[in-house]
Amino acid sequence: MVESYVMKAVEESVDDSVEETHEMLPSAPVLDEEAYELLNRPNPSLKFCTLSVGETVENLETDVDNGLSSEEEVVKRREIHGRNDFEEDDDESMIKKFLMSFVEDRLILLLIGSAVLSFAIGQIDDAVSISLAILIVVTVGFIQEYRSEKSLEALNKLVPTKCHLIRYGRESNTLASELVPGDLVRFKIGDRIPADVRIIEAVDLSIDESNLTGETEPLHKDAQTIDPEEYDNRNVPVSERSCIAYMGTLVKEGHGKGIVIGTGTNTSYGAIFEMVNSIEKPKTPLQETMDRLGTELSYISFFIIAIISIVGIIRGNSLLMMFQVSVSLAVAAIPEGLPIIVTVTLALGVLRMTKQNAIVRRLPSVETLGSVNVICTDKTGTLTTNHMTVSKLFCLDSSGTYENAISPEEDSEFDVHDNDVKETLTIANICNNAKYSEEHNLYIGNPTDVALIEVLTKFGIPDQRDSHEKMEELSFNSKRKYMAIKSSKESGEHVLYIKGAFERILDKSSYYLDKAGEVREFDEHSKVMVLEAAHSCASDGLRTIACAFKPTDSDNVISEDDINGLTFTGLFGLADPPRPNVKASIEKLHRGGVHIIMITGDSVNTAVSIAEKIGLSVQDRESSVMTGDKVSELTEDELSKVIDKVNIFARATPENKLNIVKALRKRGDIVAMTGDGVNDAPALKLADIGIAMGISGTDVAKEVSDMILTDDDFSSILTAIEEGKGIFNNIRNFLTFQLSISVATLSLIAITTIAKLPAPLNPMQILWINIIMDGPPAQSLGVEPVDSDVMDKPPRSREERILNMNILLRLLYLAICILVGTFYIFLKGMDENQQTTSKDITMTFTGFVFFAIFNAVACRHTTKSIFQIGLFSNRIFNIAILLSVCGQMCAVYIPFFQHIFKTENLGFYDLLTLVLVSSSVLIVDEIRKAIYALARVNEPVYSSEV
């Protein structure tokens, strides 16, 4: 996406205003005015790739042999351009950031207020417990956010420490941070480019730009000026600026020399650095929901204080007394355990996801996964195995037509008798640099070479490279498009073996080898057959590699002129097969209402072929497949109108990613995006969920992401989304439990206070009930296993409240059940004079605790019976319930605790009565669930129905 936000927008003006962007992304990260100034800043590489070497030298006032000529000029340029490194602007101290964390969350502010009020009226225990909850939650959140802001440090690691500098006519090995525009630098195999450089000399130079552009193959570089007319005077794509070497990219072959044209933040990486630095991660849907909940609870608290105070004063109670009662009730109404429950639930979700190869870097992002309704995913390595395999082998005489081609199958071997087949396999073997690793017990090297070596075993052919002496090699590069090796056979014969792009090999071939081993002249009919075979491979989404040979003299050095008059032997069709579990994962995501979009740089045919294998619909190519060129032609409005039908973006460049994500956001979608390169860093940070690859991903991509897939497997995203949906469901169930207990407690105390009845519970008993409400039974609801059919439900809307009307109705009827049952127990023990005994209070106290326990059991699932989800499926919950029952028995029967809680022993009949009465809350909820089941109402967990 950096290609969109930086590489493209840096070089073009951005038409959208800041206000328009804010409107487009109401709850997404947005770019401020400073970021837009960055986007409008010209990029030196765009300018200098169209200037000749002479014009570059003149423009930068330097010398192609001696570099800059004076120290004064170097100092002057450093003052203008700064040092060649990245420094993060951070005016806020760590302490200030930590303190600000306390005022950024409305629920935390509400809890701070309740802690202050508790302290003011003497409820020290409540004040201390609430304060500890606030400190724990804020500290955990701050640490998570601090750890997630290490992306800029990762960018600095890409800048090499030293470089080969030519200045004042002298060459030295100096610090790369000292470079200024106009400096002359050399680079060779293994070097990282120290700044953005205009190449002026290049010898077989190939540079790996994968961490910047996403292109996996090293790119051939030279000093030739780019003609802008070839691009209709439009911006030259970053990956096609062949005379530019970018900071942080790696020299894979050859060597060269160049003039520094950009340093520090005025480089391609610098633009990424400033972009990442300017982007603030948005609040997740859960954080927004919790903010709304904090506001709503504030209003409820003030309403409770006002109503009870007014009623109490009217009934003749003193103003001070009613204020104290009202504040106590308001504090009790606030679920101080909620932030801790949410944090613990998210943290446990992170731990579970880690076991499923998904590492979550920001706690709130776990739940956000449950809201994702669009996933934009790379193809190679994510949907596919990133391991090339040979799918087809075509030889002109042996196969006759492509339909009769030899197709190796899994776990089978072939006896090879035809000479053209044997020779094709031999060439694929000799023209190959893959090596066997004893440590890893597999071949390593170029994916194509590895595939061609591995296919030999299918034909029962051993590796023959030891019997052929390699005399000379012409390596493959993107400009040459073939690899050639001069080999000496044991017979003394010298042969030139070539493999490469089929169109290149076919163009250089004058003959072909038949199955008898005879060399025949290529006629038009034979060439047409080869073309048809190659095109058939392409339509199947296969990469085509052709093989040829040519007898040669021992003294000849391989040159371009030698690669003529070749004898064609055959061609291979190679594929990167889909990962085994991807199709099932995509089917499950589709059922859950998630739109999967594959973004790839491959051709339409290759993309469609993979899509059909993994279950992405391509029935109508006109609407479901779009090329990168088409994306560039459409406006954001136009793209947003058609993108809901698009499943594949083929021939897509990093420049296209921004338009795709912006169009999705304009529709209000919640987007997850995968990426692995530095060019993806801003996109990963801007997305609702940025997902980096753990194996192929760069450090920068990992640092800005919300989640890392340690196995690069798309199927791990499904597990993460399931966990996210399950976590929100658990939080909602916990909240239903806790608020129903709070409402019942408030109502019980408020009614008895207003009616001037004896207190049904003493302060220590209320404290114990609060411990149960916020303690192990409540927290264990947060670790309820993910529902098996959670992916059959649609993603949760960003705007959906955590407490919608039907959830409120459910917790209210649960609270009413608890209130009515507890009042029954309380009133049953009261005498005619409205007096209660210690046993009556003990019965009320124990009955309320039992109600809370049965209520927790009922709240384990919204619609499924406890017998359907399994009584013992949540082991932690069962342990928590057992501990709560044991604790209550201690409070009732152990003398020490009887003194504290003012309780006395209860008989067996008393306990049996309490169990029967308190179980009514579970029975009523089970009846409700049974009615839904009988009516075959499959309630969407994230809809407004309950």
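Along the sequence shown, residues are numbered consecutively beginning with 1. These numbers were taken from a predicted model, which means no experiment stands behind them.
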Within the 4.5 Å heavy-atom criterion, are H595 and L589 side-chain neighbours or not? no
Any chance the side chains of N874 and E784 put a donor and an acceptor closer than 3.5 Å?
-> yes
(request) Mind running side chain to side chain contact (heavy atoms under 4.5 Å, CB included) on C859 and L814 for me, showing each step along the way? (result) CA-CA 10 Å; C859 289; L814 290 173; 4.0 Å; yes
Heavy-atom side-chain contact between I708 and S705 under 4.5 Å
yes
Residues, nucleotides or ligands: over 12 heavy atoms within 6.0 Å of Y824 OH: no
### Task
Return yes if some donor-acceptor pair links the side-chain N/O of D713 with the main-chain N/O of S716 below 3.5 Å, else return no.
no
Practice item. Any chance you could lay out the side chain to side chain donor-acceptor pair (under 3.5 Å) test for S585 and S715, step after step, and finish with the verdict? Key: CA-CA 6 Å; S585 298; S715 299; 3.1 Å; yes
Taking every heavy atom of T862 against every heavy atom of R810, the minimum-distance pair comes out as CA-NH1, 3.7 Å
query: Can you find a heavy atom in the side chain of F845 that is under 4.5 Å from one in the side chain of K902?
result: no
One thing to verify: whether K929 and D925 come together as a salt bridge, which I'm taking to mean a side-chain N less than 4.0 angstrom from a carboxylate O. yes
Would you confirm whether S780, through its side chain, and P777, through its main-chain N or O, come within 3.5 Å as a donor-acceptor pair?
yes
Next on the checklist: With side chain to side chain contact (heavy atoms under 4.5 Å, CB included) as the criterion, how do V892 and F901 come out once you've worked through the C-alpha distance, each side chain's angles and the decisive distance to 0.1 Å?
Outcome noted: CA-CA 8 Å; V892 173; F901 292 104; over 6 Å; no
Shortest non-hydrogen pair, P795 vs S371, comes out as CB-O, 3.7 Å
Open item on the list: Test your reading of the model: is there a side-chain donor-acceptor pair from N373 to the backbone of D669, 3.5 Å cut-off?
Closed with: no
If you apply the rule side chain to side chain contact (heavy atoms under 4.5 Å, CB included), what do you find for T844 with F823, and how did you get there?
CA-CA 8 Å; T844 304; F823 249 113; over 6 Å; no
Next on the checklist: Using a 3.5 Å distance criterion without hydrogens, assess whether the side chain of N733 forms a donor-acceptor pair with backbone atoms of L781.
Outcome noted: no
Between I375 and V372, the two heavy atoms sitting closest are CG1-CG1, 3.9 Å
Exercise. Check the pair V360, D706 against side chain to side chain contact (heavy atoms under 4.5 Å, CB included), reporting the backbone distance first and the verdict last.
Key: CA-CA 6 Å; V360 176; D706 301 288; 5.9 Å; no
Find out whether I727 and E723 are in side-chain contact, i.e. whether some heavy atom of one side chain is under 4.5 Å from a heavy atom of the other. yes
Nearest heavy-atom approach of M889 to F850 is CE-CZ, 3.8 Å
Check your understanding: How about N855 and L922: do any of their side-chain heavy atoms sit closer than 4.5 Å?
Key -> no
When every non-hydrogen atom of F851 is compared with those of V917, the smallest separation belongs to CZ-O, 3.5 Å
**OP:** For the pair D688 (side chain) and V671 (backbone), establish whether a donor and an acceptor sit closer than 3.5 Å, ignoring hydrogens and angles.
**Re:** yes
With the side chain counted from C-beta on, respond yes when E722 and K588 share a heavy-atom pair under 4.5 Å apart, and no when they do not. yes
Problem set entry | T710 side chain vs N357 backbone, donor-acceptor pair below 3.5 Å | yes
Note to self: Has E926 got a side-chain atom pairing as donor or acceptor with I866's backbone, closer than 3.5 angstrom?
What the structure shows: yes
Separation between OG1 (T674) and CG (L709), nearest 0.5 Å, reads 8.0 Å
Check your understanding: Taking the side chain from Q888 and the backbone from V849, do they hold a donor-acceptor pair closer than 3.5 Å?
Key -> no
Between the CD1 atom in I741 and the OG1 atom in T745, the distance rounded to the nearest 0.5 Å is 6.5 Å
CD1 (I807) and CE (M805) are apart, to the nearest 0.5 Å, by 11.5 Å
Here the gap from D910 atom CG to T842 atom OG1, rounded to the nearest 0.5 Å, amounts to 10.0 Å
Distance col, row N730:CG vs L735:CG, nearest 0.5 angstrom, shows 12.5 Å
Closest heavy-atom pair, S747 versus L819, reported as atoms and distance to 0.1 Å, is CB-CD2, 3.7 Å
task = Answer with yes or no whether the side chains of S873 and R860 bring together a donor and an acceptor at under 3.5 Å.
result = yes
Handout entry: Donor-acceptor contact below 3.5 Å, side chain T903 vs main chain A891
Key = yes
Taking D787 first and then K793, would you say they form a salt bridge - that is, a charged N and a carboxylate O separated by under 4.0 Å? no
Checklist entry - Should F737 and L811 count as side-chain neighbours, where that means a heavy-atom distance under 4.5 Å? => result no
When rounded to the nearest 0.5 Å, the distance separating CG of L914 from CD1 of I825 is 5.0 Å
